[in-house]
Structure formats: structure tokens, C-alpha cells
Amino acid sequence: MSASKELERRVIIIGGGVGGIMTAIALKTKLGFHNFTLYEQSDDLGGTWNLNTYPGCASDISTHWYSFSGDVDPDWTSTHLLQPELKKYWKGLCVKYDINKHVCVNTSVVAAEWDNKRQLYRVEVLDVLSGEKRTDYANAVVSAIGVLNIPHLSEDLKGVRETFKGKHFHSARWDHTVDLRNKRVAVIGNGCSAAQFVPIITEDPTTEVLSFARTPGWILPTDWGRKPVSWWKRMIFKYVPFTLRLNRWSLLAMHESFYMFLIYGKHNSFLREFFMNDLRKNIQKCAPEKYHDVLTPKYPFGCKRFIVDTGYLAALHRPNNDLTFDGIAEITEKGILTKKGQHHDFDVIIEATGFVVDEYPIVIRGVDGTSIQDYHREQGGPTAYRGTTTPNFPNFFMLFGPNTTTTHGSVIFTHEVQINYTMQLLEPVLKKQASSFEVTREASDAWNAHVQKYHSTSVWTACQSWYRVGGTGKNVSIWPGSLTDQWYQLRTPVWSDYKATGAYEWENNRRLRVVKEMAQVGGLFAVLAVAYFHPQETLRLATQVKDQVRILEYASK
């Protein structure tokens with residue numbers, strides 16, 4: 001890297017999903033910064049909405065909130081768009097904000113190392129098509145890989161590719177070359193993904209499906225799911241000012257109320273028990289009687305990710321759709337042997353077993369050469385200050401990092417508040433007023449002590465879930481509070497929690513701003529006092545205060 005190039009500030013974004021796209025937009029619109037590259041390991045942008053293409057794939061959060069706040073489409077005909085429409089929306093934003101020229105697809109970031117002397121990250125990237133490796137450099141790295149990017153392969157299915165003679169794939173990497181008609185299909189898992197695609201694939205009566213479930217999930221009624229948006233509502237959204245934004249605020253308020261009354265608080269609160277009783281009744285109303293008991297969770301609502309029913313319970317009435325909780329003992333050449341000794345023959349096995357969320361997949365090395373994986377092991381699982389920055393890793397920012405998940409909210413909201421926070425830390429660096437910012441170990445430890453204290457009495461300790469390391473360990477996923485709290489905690493950095501390097505100009509300007517604000521506030525009180533006791537002196541004193549501020553500005557130059 002040449003000396004002239006090194007003087008140019010540069011940012012690398014890892015991941016071309018919604019977080020990476022919004023970070024690129026923020027760099028251009030908030031900071032007017034254009035010297036960045038976005039690396040995406042797959043063949044296209046969109047992240048989750050590019051890779052997850054299974055039948056019925058959709059967000060379970062209303063699209064009018066699951067969208068970039070600066071670009072909500074008033075013409076959406078449904079409250080919950082399907083995957084092709086969501087991908088089209090996010091790719092459309094890339095065109096609108098001219099992001100594509102900054103993008104390298106089919107390129108994976110495999111490692112990054114901080115050079116403390118040069119105040120740069122040395123980033124190793126891999127062309128996944130040619131296998132060629134090269135090195136890039138950046139003053140800052142934003143990790144926007146999310147948590148729903150690496151499929152979790154069940155321990156029960158180890159060796160399945162060597163043993164099973166039929167077709168096998170994960171729902172997050174759906175094999176569209178496999179025709180499921182006239183096939184016997186095993187579905188491993190009964191979470192959010194399976195609940196979306198099982199009703200679709202069982203519409204064909206020649207497709208016989210047996211779902212292998214481990215534990216049931218709380219299922220919200222169908223009327224919580226997708227609904228059409230009437231033409232008159234679309235007209236109001238399009239032509240009446242502020243209505244689209246008011247609609248987003250109402251969705252935020254609804255989800256916050258959902259959290260406060262049904263997720264937050266004691267495991268056995270009256271409102272939680274009342275709601276769970278309603279959900280039990282809905283299962284009894286919609287599902288076949290033989291499944292009533294096994295489909296009813298034995299843990300409190302909120303402990304695991306809930307499921308929005310899009311026809312899953314009704315589809316269990318179909319003769320070609322069955323469900324078992326017998327467990328998997330072994331994968332054979334022809335199918336699956338259950339723990340109760342019953343063998344089932346299958347032509348296709350589909351894993352709907354979620355994603356790896358408790359391991360960061362890229363080797364990042366910090367100031368002292370240790371990796372972020374070393375730090376996570378030391379902490380008992382993924383850990384970050386306010387889910388965004390990590391001690392020992394200057395100018396490294398994680399979107400949707402540890403303990404940023406809000407089970408009742410939109411990940412887009414979380415991304416946006418984190419990006420706003422990140423831009424405030426990046427601005428002095430990109431304007432060459434500072435070289436780097438690194439969160440202190442003390443601040444990070446204090447924050448994470450707060451997180452774990454919060455979770456020690458929360459509903460998320462009441463069951464095994466992917467929110468916790470290994471299912472039962474430290475909670476590394478859930479934000480310790482409401483959406484409003486998340487916005488509040490990330491609205492602006494606590495600068496005293498960061499070590500600044502090469503930041504004389506920035507610190508000087510910041511001190512000046514503080515002095516100016518104090519002078520203005522003090523001057524205001526002085527003017528008000530004089531105006532009350534000596535009205536004739538008011539103008540002269542106000543002029544003096546203004547002159548003092550000008551002198552402070554001149555002295556700082």
C-alpha cells in the first residue's frame with residue numbers, strides 16, 4: 001500500500017445483506033464518504049433474502065417496519081412481503097443510492113489483523129470462484145454478516161452425506177433442482193422456517209412429509225401473520241403526508257407493548273399465563289387432536305423465538321403431513337431410524353435446524369495479536385460492548401452483534417440505531433481528526449455484567465434455546481431491554497468509554513464544543529438574571545457573551 005494511498009481513509013464492509021447495504025447508504029448520505037468496499041461472499045446482494053429461497057419464505061415482522069426508514073414503499077400490497085419481493089426491495093435501494101459500484105460479490109473476507117503502528121486493518125479476501133487470495137487495507141471494518149448466515153447442521157445428521165443415498169439439503173440453501181412430487185420427505189426441525197415451507201410443500205398430495213421435532217414452539221394465531229393492504233390504505237400512505245411514518249410508529253408501539261406485557265417480567269406473570277392459555281386454545285382449535293399435547297410447550301412464552309402461523313397447524317390435518325417427537329437415533333442409507341426403534345424410508349431429507357449464532361466465523365486479530373475468538377472464549381461466548389464494539393479491536397464494528405437481538409422487534413430497527421452509533425465513531429476517523437477509537441475493557445466488562453445480570457432473572461433462562469451458548473449457557477443473543485432502551489443506549493457514544501488515538505484535533509474541538517455550550521448556558525442564565533433585575537444592561541451582556549464565544553473559537557484554531 002503506497003504512502004499516498006495510506007493517507008486516504010478507507011472502510012471495508014463485510015456482508016451484503018440488509019446491514020451492509022444500510023451501512024453503505026449511511027456512509028454516503030450521513031458522512032458524504034465514498035471510499036469503501038463491500039465484500040459479499042455469495043453471488044448477489046440481499047443476505048438472508050438472497051440465500052433463503054425456500055417456499056413461503058418471508059419475514060415474520062411487518063414489512064412496513066422491516067424496511068429502511070428512509071425508503072418505505074407505500075404501494076406494498078401485503079403486510080408481509082415474500083422473499084423475492086424483499087430481495088427486490090433491498091437491491092432497488094442499492095441502485096437508488098449507487099451502492100453497486102462499491103460491491104465485490106463472490107468474495108469472502110477470511111481474516112483481518114490490526115496494525116497498531118499504521119492504524120490500519122490488513123484484510124485477507126478470497127475470490128470464491130477462482131480461489132485467488134489478495135490483501136486489502138482499511139482504517140475501519142464494519143462486520144455486517146448477521147447471525148442468520150451459516151446454517152446449523154444437526155449433530156443427529158453427522159455423516160448424512162456419506163450414509164443417506166437420497167437427496168439432502170438445508171432449508172437455508174434450498175435445492176430447487178429437487179422435485180418433491182411423489183417423494184417421501186423428512187423435515188428435521190419445526191421452527192420458523194419449517195412452519196413456513198411445510199404448508200407449501202404439502203399442498204401437493206403426492207408429497208409425503210414427516211417432520212421430526214425436538215421441542216414445540218409457541219405458535220401465534222394465523223391472524224398475526226400476512227394480511228393484504230387495501231387500495232385505500234395504500235392511497236393514504238402515498239398521498240397523505242406523515243401517514244406512512246405514523247404507521248411505522250404504531251407498529252413500534254405495538255411491539256413495545258407486546259414486550260412490556262408478555263415477554264418482560266416474571267415467568268409466571270398473570271398476563272403471560274393468560275396469553276399462553278389463549279395460545280393453547282388456538283392449538284386445540286386448529287391442530288388435530290392427536291397433536292394437542294405434543295404441540296403445547298412446557299416452558300413460558302418468550303423463552304424461545306415464537307412462530308407466526310401461516311397455515312402450519314391447519315396443514316397438519318392433511319393425510320400426507322405428519323409430525324413426530326420420537327427423536328433421531330441414526331441416519332441410514334434409506335432413511336431415518338428413530339430412538340423408539342422405528343425406521344422410516346425417505347427420498348429427501350431437509351434440515352430446518354437454524355443457524356450457527358455462538359461462533360464468529362472470521363478470524364479478526366486486534367492490538368495485541370489475539371483473535372476475537374480468543375476473547376469470546378475468555379468471556380464464555382460472543383461478547384461486545386452494547387453489541388457493537390469490542391476491547392482490543394479499534395475501529396471494528398459489529399452489526400447485529402452479541403446481545404442485540406430483540407425477539408419482539410425488527411432487526412432493521414436494530415441495524416439502523418447501531419449504524420447511527422457507528423457513524424458517530426467513524427466520523428472523526430474519516431475526517432482525519434482521529435486515527436482510531438477502541439472501547440475500554442472496563443466499559444465492556446461493566447456493560448456485559450449488566451447484560452448477564454438482567455438475563456439472570458429473565459424469561460430467557462427458563463429453557464434451552466439458540467439464544468444461549470450450547471443451548472443452555474450464557475445468553476449471547478438477547479438485548480437486555482426494550483426497543484426504546486436499545487435506541488437510548490445507542491443514540492450517542494459515551495466517549496469516556498473509548499480510548500482515542502491520534503485524536504488531538506478531535507479532542508480539542510470536542511472540548512471547545514463543551515466550553516461553548518457551558519458559556520452559552522451560563523450566559524443565558526446571566527442574561528435572564530440581568531434582564532430581570534437590570535433590563536438596561538441586557539443587550540450589553542448578551543454582546544459580551546457572544547464575543548467570548550468568538551474568542552474561544554479563534555483560540556482553538
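One-based numbering along the sequence shown.
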Do the side chains of [X] and [Y] get close enough for a salt bridge, i.e. N-O under 4.0 angstrom?
{"X": "K474", "Y": "D358", "answer": "no"}
{"X": "K334", "Y": "D345", "answer": "no"}
{"X": "D326", "Y": "K339", "answer": "no"}
{"X": "R305", "Y": "D60", "answer": "yes"}

request  = From the options H343, H344, K165, select the one residue that forms a side-chain hydrogen bond (donor to acceptor under 3.5 Å, both in side chains) with T332.
outcome  = H343

Is the [X]-[Y] ring centre distance short of 6.0 angstrom?
{"X": "W479", "Y": "W447", "value": "yes"}
{"X": "F197", "Y": "W174", "value": "yes"}
{"X": "H267", "Y": "Y299", "value": "no"}
{"X": "W76", "Y": "Y89", "value": "yes"}

Taking atom types as modelled, find out whether [X] and [Y] have a side-chain donor-acceptor pair closer than 3.5 angstrom.
{"X": "Y291", "Y": "D322", "result": "yes"}
{"X": "N403", "Y": "S477", "result": "no"}
{"X": "K304", "Y": "T215", "result": "yes"}

Indicate yes or no: at least one non-hydrogen side-chain atom of [X] is less than 4.5 angstrom from one of [Y].
{"X": "N182", "Y": "T207", "result": "no"}
{"X": "W90", "Y": "L45", "result": "no"}
{"X": "N50", "Y": "S42", "result": "yes"}
{"X": "H64", "Y": "F237", "result": "yes"}
{"X": "I328", "Y": "I188", "result": "yes"}
{"X": "M22", "Y": "F68", "result": "yes"}
{"X": "I336", "Y": "I331", "result": "yes"}
{"X": "W487", "Y": "F413", "result": "yes"}

Give a yes or no answer on whether the side chain of [X] reaches the backbone of [Y] with a donor-acceptor pair at less than 3.5 Å.
{"X": "S371", "Y": "D374", "value": "yes"}
{"X": "T107", "Y": "D127", "value": "no"}
{"X": "S143", "Y": "M398", "value": "no"}
{"X": "T406", "Y": "H408", "value": "no"}
{"X": "R173", "Y": "N52", "value": "no"}
{"X": "E289", "Y": "Q284", "value": "no"}
{"X": "T388", "Y": "R386", "value": "yes"}
{"X": "S257", "Y": "A253", "value": "yes"}
{"X": "N320", "Y": "T202", "value": "yes"}
{"X": "Q83", "Y": "Y54", "value": "no"}

task = Walk me through it: do F258 and F306 pass the test ring pair (Phe, Tyr, Trp, His ring centres under 6.0 Å)?
result = CA-CA 12 Å; F258 186 76; F306 52 80; 5.6 Å; yes

request  = Would you give the length of the straight line joining atom CD1 of I283 to atom CG of D309, rounded to the nearest 0.5 angstrom?
outcome  = 9.5 Å

Please determine whether the number of non-hydrogen atoms from other residues, nucleotides or ligands lying under 6.0 Å from atom [atom1] of [X] exceeds 12.
{"X": "Y264", "atom1": "OH", "result": "no"}
{"X": "K183", "atom1": "NZ", "result": "yes"}
{"X": "Q489", "atom1": "CD", "result": "yes"}
{"X": "K285", "atom1": "NZ", "result": "no"}

key: Residue pair N420, L490: steps toward the side chain to side chain contact (heavy atoms under 4.5 Å, CB included) verdict   = CA-CA 8 Å; N420 179 62; L490 290 165; over 6 Å; no

request  = Go through K167 and D179 one step at a time and tell me if the side chain to side chain contact (heavy atoms under 4.5 Å, CB included) criterion holds.
outcome  = CA-CA 10 Å; K167 297 292 185 179; D179 186 351; over 6 Å; no

Check against side chain to side chain contact (heavy atoms under 4.5 Å, CB included), Q486 and T414 = CA-CA 8 Å; Q486 189 171 66; T414 298; 2.8 Å; yes

task = Determine, stepwise, if the pair R184 / D347 fulfils salt bridge (charged side-chain N to carboxylate O under 4.0 Å, His left out).
result = CA-CA 5 Å; R184 296 162 299 181; D347 304 298; 3.3 Å; yes

